[in-house]
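Working notes, beginning with the structure itself.
Numbers here are sequence positions counted from 1. Note that the coordinates shown come from a computational prediction; the quantities given were computed from them, not determined experimentally.
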Amino acid sequence: MMSTRSPTTRPIHSCVINTRIGPMRIELDEHDHLTQVTFSADTPSAPPSPTPAAIASLLAQLDEFAAGSLESFDLPLANIGTEFERAVWAVARTIPRGHTATYSQLAASLGKPNAARAVGGALGRNPFHVIVPCHRVVGRDGSLTGYAAGVDIKQRLLELEQHHQPR
């Protein structure tokens, strides 16, 4: 679920937490809406105390995702990014777990068939790794092109999703 927070909302809680899929930076605004959930190389830190409900829910849903029992996330996300970025992120969220789509396919689904590069740029600015599953977007030839957290993490996420697909 997306909130209607201003794009200039500043995070008031920030921490790096170890999850089953790796360390992630988590930031919340003053309304406890997530403003960032990204893979991080930073040293893990403790979540704010008491732990906001959004962080507790995120951690539970990340565990379900890692176990293969979560198809999509339901979290309070801050309304950040441009209108185009939000549209790209919304389309990326429709890619089913264990499947991929190309940048061109996303561009076409937005009614902008020549905007594959712009779609790639918008996905590169995605502040909600895994929640907005930009790791499911691949090159026209199926290659694992770019990922803000690194192609190795993109490959690991896709393998995790394939491993947990129904037989």
* Mark yes or no for whether E64, through its side chain, and L70, through its backbone, hold a donor-acceptor pair below 3.5 Å. => no
* Donor-acceptor pair, side chain of R97 and main chain of F65, under 3.5 angstrom -> yes
* To do: Apply side chain to side chain contact (heavy atoms under 4.5 Å, CB included) to D29 and I12, showing your working.
  => CA-CA 5 Å; D29 66 14; I12 63 162; 5.7 Å; no
* Check against side chain to side chain contact (heavy atoms under 4.5 Å, CB included), V132 and F73 -> CA-CA 8 Å; V132 174; F73 292 83; over 6 Å; no
List the atom pairs, donor and acceptor, that lie under 3.5 Å between side-chain atoms in residues 45-59 and the rest of the protein, sequence neighbours left out.
{"from": "S45", "atom 1": "OG", "to": "V16", "atom 2": "N", "distance (Å)": "3.0"}
{"from": "T51", "atom 1": "OG1", "to": "P48", "atom 2": "O", "distance (Å)": "3.4"}
{"from": "S57", "atom 1": "OG", "to": "Q61", "atom 2": "NE2", "distance (Å)": "3.0"}

* Any residue meeting side chain to side chain contact (heavy atoms under 4.5 Å, CB included) with E85, in chain and number order, not counting sequence neighbours -> T82, W89, A122, R125
* Which residues share a side chain to side chain contact (heavy atoms under 4.5 Å, CB included) with S72, sequence neighbours left out -> none
Looking at every heavy atom in both [X] and [Y], which two are closest together, and how far apart are they?
X	Y	value
R25	S14	NH1-OG, 2.9 Å
R136	I95	NH1-O, 2.6 Å
Y103	G146	OH-O, 3.7 Å
T35	F128	C-CE2, 3.7 Å
I131	P133	O-CD, 3.3 Å
R140	S104	NH2-OG, 3.5 Å

Could you tell me if the side chain of [Y] sits less than 4.5 Å from the side chain of [X], heavy atoms only?
X	Y	result
Y147	H129	yes
V137	T102	no
T145	V151	no
L123	L106	yes
I80	Q36	no
N18	P44	yes

* Check the side chains of E161 and H135 for a donor-acceptor pair under 3.5 angstrom, ignoring hydrogens and angles. => yes
* **Pairwise distance CG(N79) to CZ(R86) - rounded to 0.5 angstrom** => 4.5 Å
* Asked: Just how far is it from atom CD of Q162 to atom OG1 of T100, taken to the nearest 0.5 Å?
  -> 8.0 Å
* For residues 112-123, which residue pairs qualify under side-chain hydrogen bond (donor to acceptor under 3.5 Å, both in side chains), counting only residues two or more places apart or in two chains? -> none
What about [X] and [Y], same hydrophobic cluster or not, with Ile/Leu/Val/Met/Phe/Trp/Tyr joined at side-chain heavy-atom distances under 4.5 Å?
X	Y	value
I21	L158	no
V138	L110	no
L157	L75	yes

* Taking only residues two or more places apart in sequence or in another chain, which ones pass salt bridge (charged side-chain N to carboxylate O under 4.0 Å, His left out) with D141? -> none
* **Residues in salt bridge (charged side-chain N to carboxylate O under 4.0 Å, His left out) contact with R20, at least two apart in sequence or another chain** => none
* Asked: Which of these passes side-chain contact (heavy atoms from CB on, under 4.5 Å) with M24: T38, V37, D42?
  -> V37
